[in-house]
Amino acid sequence: MRTALVDHTGRILRKRKTTTAISEGPDRTSERLIAECRSLIDEARLMGGEIQAIGLGVAGKINRSQGLVVFSPNLPSMRNYPLAGKLEEGVGIPVVIENDANVFGVGEHIAGTARGIENWIGITLGTGVGGCLILRNEIWIGDDLGFVGEIGHTIVQPEGRLCLCGSSGCLEAYASGWALVAGVKEAAASGDLSSGPLYDLWESGKLTAEGVYRCAKENDSEALQLFHRMGWALGLAIANQFTVLGIRHAILGGGVSAGWDCFIHPLKESLARHSSMLSADDMVVLKSTLGDEAALIGAAFLAINRE
Ligand SMILES: [Zn+2]
């Protein structure tokens, strides 16, 4: 859980990070969030300021008009939960809620790599894969169904690896933090991985996506292959979106985008191969420069500009 104090110009004045135990249940998570916000509100007062609103970005399906978390893959026990209302009650300040990839999109658009790009697709590579669409300088919300731009759950491999959403072969099942870990487990189970740094990491029981990246940097062939597959899957998914929407910019963020140097070349090859309408030179894939600050700035911007 990341929280920040942001001023009217989009500048981050304080930034915090705390862990949440998903087993604690939604009420406890909500109480922790309230405590974090109260503490930041106190800090703002000490600095002579006053908090006007809170912007909240949550992974998953969101009902923004009712302030509900309909479903969150990161917080499975939070179903149809009035998180925005609880926070508003707890701190006495207006709260707006939005999907986490959308707040990333807003942040990138006003203060990051996407400044000045009118139409683009955003992809957040983290534990899962989130996505957003910025069309004509605005977040596209479609029919306001609670989800939009969910590129992570578009299919890149029919009947492929089972995804956490219940489908098979989703982009997320090849391009997320959990997918990198699942790939190592599969390779170890099938006997394709039996020695080397990645195997040692798997054996130690301390396997993480970051660990897979470190092994790729040490030229472990299995780790490199997992990043290659990730790039291939991303290129395919982005090519499909560019073709449908008639746009040519994509911006990638999230913690797993730190593995950029290991997946960008296969991504570009795959993008060129899977796009017959655009030439490779016309397509632009950029890395977010704001890191985890994009979502914080974006959420604050939505709060400041609430209706
Ligand atoms: Zn899926």
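Start at 1 and go down the list; that is how both ligands and their atoms are numbered. The figures that follow rest on heavy atoms only: side chains count, while hydrogens, waters and symmetry mates do not.
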### Query
Taking the inter-plane angle between the rings of W120 and F104 on a 0 to 90° scale, is it parallel (under 30°), tilted (30 to 60°) or perpendicular (over 60°)?
perpendicular

### Message
Looking only at the side chains, is there a donor atom on one of H109 and N137 sitting less than 3.5 Å from an acceptor on the other?
### Response
yes

### Query
How long is the span from the CZ atom in R38 to the CD1 atom in I93, to the nearest 0.5 Å?
10.5 Å

### Task
Answer yes when E108 and R115 have at least one side-chain N-carboxylate O distance shorter than 4.0 Å, and no when they do not.
no

#### Entry: Check: S279/D281 side-chain N/O donor and acceptor closer than 3.5 Å
no

### Message
Under 2.8 Å from the Zn ion (ligand 1), which protein N, O or S atoms do you find? Ignore water molecules.
### Response
H153 ND1, C163 SG, C165 SG, C170 SG

### Task
Could you label the plane-to-plane angle of the F263 and F227 rings as parallel, tilted or perpendicular, counting under 30° as parallel and over 60° as perpendicular?
parallel

